[in-house]
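Structure first, then comments.
Not measured: the values here are computed from a predicted model. Chain letters run A, B, ... following the sequence lines, proteins first, then strands; residues in each count from 1.
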Amino acid sequence: MQNLSRKFSTLPIPKLSPSHPQPTTPFTPYSEIQHCRKILEHKIITILDACNTLNHVKQVHAHVIGNGLSQYSYVITKLVRTLTKLGVPMPTTYPELVFRQVLHPNPFLWAAMIRGCAIEGTLSEAVKYYTLMRREGTGPVSFTFSALFKACGSGLDVNLGRQIHAQTVLIGGFVADLYVGNTLIDMYLKCGFLDCGRKVFDEMPERDVVSWTELIVAYAKSGDMESARDLFQDLSLKDMVVWTAMVTGYAQNSMPKEALDCFERMRGAGVGLDEVTLLGVISACAQLGASRYANWVRDIAEESGFGATQNVLVGSALIDMFSKCGSLDDAYNIFQGMKQRNVFSYSSMIWGFAVHGNANAAIGLFHEMLTTDVRPNWVTFIGVLTACSHAGMVDQGRQLFATMEKYYNVTPSAGHYTCMVDLLGRAGRLEEALELAETMPIVAHGGVWGALLGACRIHKNPDIAQIAASHLFELEPNNIGNYVMLSNIYASAGRWDDVSSVRKLMREKGLKKNPAYSWVETKNGHEKFCAGETSHPKYNKIKKALEDLLNRLQDRGYRPNLNSVDYDVGDEEKMRILMAHSEKLALAYALLYADSGSTIKIAKNIRICEDCHAFMCGASRVTGRHIIVRDNMRFHHFENGTCNCGNFW
DNA sequence: CTAGGGTTAG
């Protein structure tokens, strides 16, 4: 408070030139002046709207002073708002200087300063302006409160927000104002008080689609799509934004089918769409992982004028989607066709190459990016490091890791350490990986230990696995995957006593294995298979096809990997379990019913087991088919008997 | 003046 006042009093305030008339000094008929003034104000505001650099605004300001207009609150308010729009930090000297030249700021100018602090400054600065304003005896208007609530919302100070809320009720009527009410709801929601937001909403005398949208988004973000949908159904006037909020809500809550249904209803309602809508739809298609949807949404994007070529947001999302749908070529075509590329486009493409096992392309693209203006961020490094680790490029990875902070100013996060532990671990350097996990400068989270545990599975090291698992059981006591993994590692080392003690632990915690399933895309749509299921209508044909395939593979030297079964049962039973793995059923189904010669795309919800991996390798050779399996980690491309992951996963 | 938004580690 003190500081600000002092700063204000020492700021040089230019004297107005006496040759220019003051706005309140009529020496021609008053109405005439009013008229001229309105035209002039309008002109300046049009000019300000077109300003897109700080320098432009400064020039306009100089003319405003030069023409003796620095007392026009309306013009100065617009000027301050333009500065805020341009991202000028508040309250730095320049906006303050502009502000202080006005001897008697009107409430709207004060509010513009408060709003500026809310967006480009801090809550405390905003409050200083409010307090100063009240001290000077200026009464608040509704805009004052919407600016203050915005400040509390971005400062996440719900207590102050609540106090001001109480004041507005006392002062009278401001909460009833639509804008104030909406900003107040937004403030409570930003601070995480959904109930309070809902209460304001319920008590508002007047609401508009903005009020509804705010709440719908809040419910969606809290994972409660039912409440969001209930509200949405009650809303009579639905605009593009609120439809988009629903589509995006479903997509963000892993309900891609519902997202697409909602999008179809939106189109049926004749509402337009924009790039934000498309982002939600694209994300839903990426989750479905099916080329059919991927191509469909790409066409819609192009027809709507928000295609990848023009729109960098849509383009980046499409890159990600196509690589998640297994079509790396389509992803790269999108990337190449983009007029503008930013760090999202590059990172998505690098990540796409990495999960498809194309490490050289990922690293090549990274270097290509460095020749442009685009700077890598932490996500970019996750991509290149992952590429290195999946390809066993230890030295490359180490070098990149070493440069990220030094040259690119990206501080390694736990995620980057996860990549490094993964890199060392996959390469068989389990002791080094363990040491890194234990000595890294930030706290290791589940990901780091999970990477180590995964490496212990590849390199069959139950002892280090035990260390990693003990950390994991503490950090993520309910993550079933960790118990299953440790149990698998013990099983393949033949340590059945340890297997049963892990089992016991799982039972005690009441954890149950996730049912494994796979789905495969054919021209008729998706077909889903659960492990061990026999109820499929075509089961007998599938079983027969699988047996034929097995015989052909065994002729060529394939032997079932019974170690992949972590049940201590007889070999025959192990064999039966192996042959009922869901991806094998899906493969047999695709061989029977997919177009002959087409690429077979299988997706599954958990990690592919070693036996299935070897089986797919063999199958790709004897059938001559390109088989892509997406597990929960990455993509495996099986062709001519080998997988491009190099048995590294 | 107020509402919808992007890549991400095991």
Side-chain angles (χ1 to χ4, degrees), chain A residues 77 81 84 108 111-112 114-115 118 141-147 149-150 153 177-187 189 208-218 220-221 239-249 251-252 273-280 282-283 286 311-321 323-324 342-352 354 377-383 385-386 389 413-423 425-426 445-455 457 468 472 476 479 481-482 485 607 632-634 649:
Chain A
T77 301
R81 296 183 65 85
T84 305
F108 295 97
I114 297 171
R115 182 175 171 276
V141 290
S142 60
F143 188 22
T144 318
F145 290 110
S146 64
F149 289 137
K150 196 179 186 75
D177 182 279
L178 186 56
Y179 290 124
V180 175
N182 283 345
T183 338
L184 181 56
I185 294 178
D186 191 53
M187 188 271 296
L189 298 179
D208 66 359
V209 65
V210 175
S211 339
W212 291 79
T213 310
E214 284 176 334
L215 269 180
I216 287 172
V217 169
K221 290 218 162 114
D239 69 358
M240 181 177 76
V241 174
V242 72
W243 274 106
T244 301
M246 282 304 287
V247 173
T248 308
Q252 288 173 340
L273 56 88
D274 70 359
E275 78 263 36
V276 183
T277 319
L278 286 168
L279 288 182
I282 294 170
S283 154
N311 192 298
V312 68
L313 269 100
V314 171
S316 306
L318 286 175
I319 292 171
D320 175 62
M321 177 192 73
S323 62
K324 283 186 175 141
N342 63 12
V343 67
F344 288 92
S345 337
Y346 277 99
S347 303
S348 298
M349 195 64 239
I350 289 172
W351 177 248
N377 67 11
W378 71 277
V379 182
T380 323
F381 279 101
I382 296 275
L385 291 175
T386 303
S389 97
S413 68
H416 298 107
Y417 281 97
T418 301
C419 294
M420 291 310 287
V421 168
D422 195 55
L423 178 79
R426 269 176 212 272
H445 61 6
V448 177
W449 296 111
L452 185 60
L453 186 63
R457 185 195 61 83
L472 283 167
E476 308 173 338
N479 184 340
N482 298 326
M485 179 80 82
R607 200 191 278 238
N632 58 346
M633 308 299 304
R634 57 172 292 161
W649 80 94

Interatomic distance where CE belongs to A:Met349 and P belongs to B:dT8 [whole Å]: 13 Å
I'd like to check A:Val141 versus A:Phe108 (side-chain heavy atoms, cut-off strictly below 4.5 Å). Are they in contact? yes
Nearest heavy-atom approach of A:Cys419 to A:Leu385 is CB-CB, 3.7 Å
In whole angstrom, what separates A:Leu453's CG from B:dA9's C1'? 15 Å
Using a heavy-atom cut-off of under 4.0 Å over every strand shown, decide if A:Gly446 touches base, sugar-phosphate, or nothing. base
Reading nucleotides 2-7 of chain B from the 5' end, what letters show protein touch, with B for base, S for backbone sugar-phosphate only, - for no heavy atom under 4.0 Å? BBBBBB
Side chains of A:Asp186 and A:Lys150 in contact at under 4.5 Å (non-hydrogen atoms): no
Once you apply a heavy-atom cut-off of 4.0 Å, does A:Leu472 come out as touching a base, just sugar-phosphate, or nothing? base
Can you name the residues that form a ring-ring contact (aromatic ring centres under 6.0 Å, His included) with A:Trp351, not counting sequence neighbours? none
For A:Asn632 and B:dA9, give me the distance from atom CG to atom P, rounded to whole Å. 11 Å
Nearest-Å distance for atom pair NE2/C1', residues A:His416 and B:dG10: 15 Å
What I'd like to find out is whether the side chain of A:Leu313 reaches to under 4.5 Å of the side chain of A:Leu279, using heavy atoms alone. yes
Checking A:Thr277 against A:Asp274: is there a side-chain donor and acceptor pair closer than 3.5 Å? yes
NE2 of A:His445 versus C1' of B:dG10: gap in Å, rounded? 9 Å
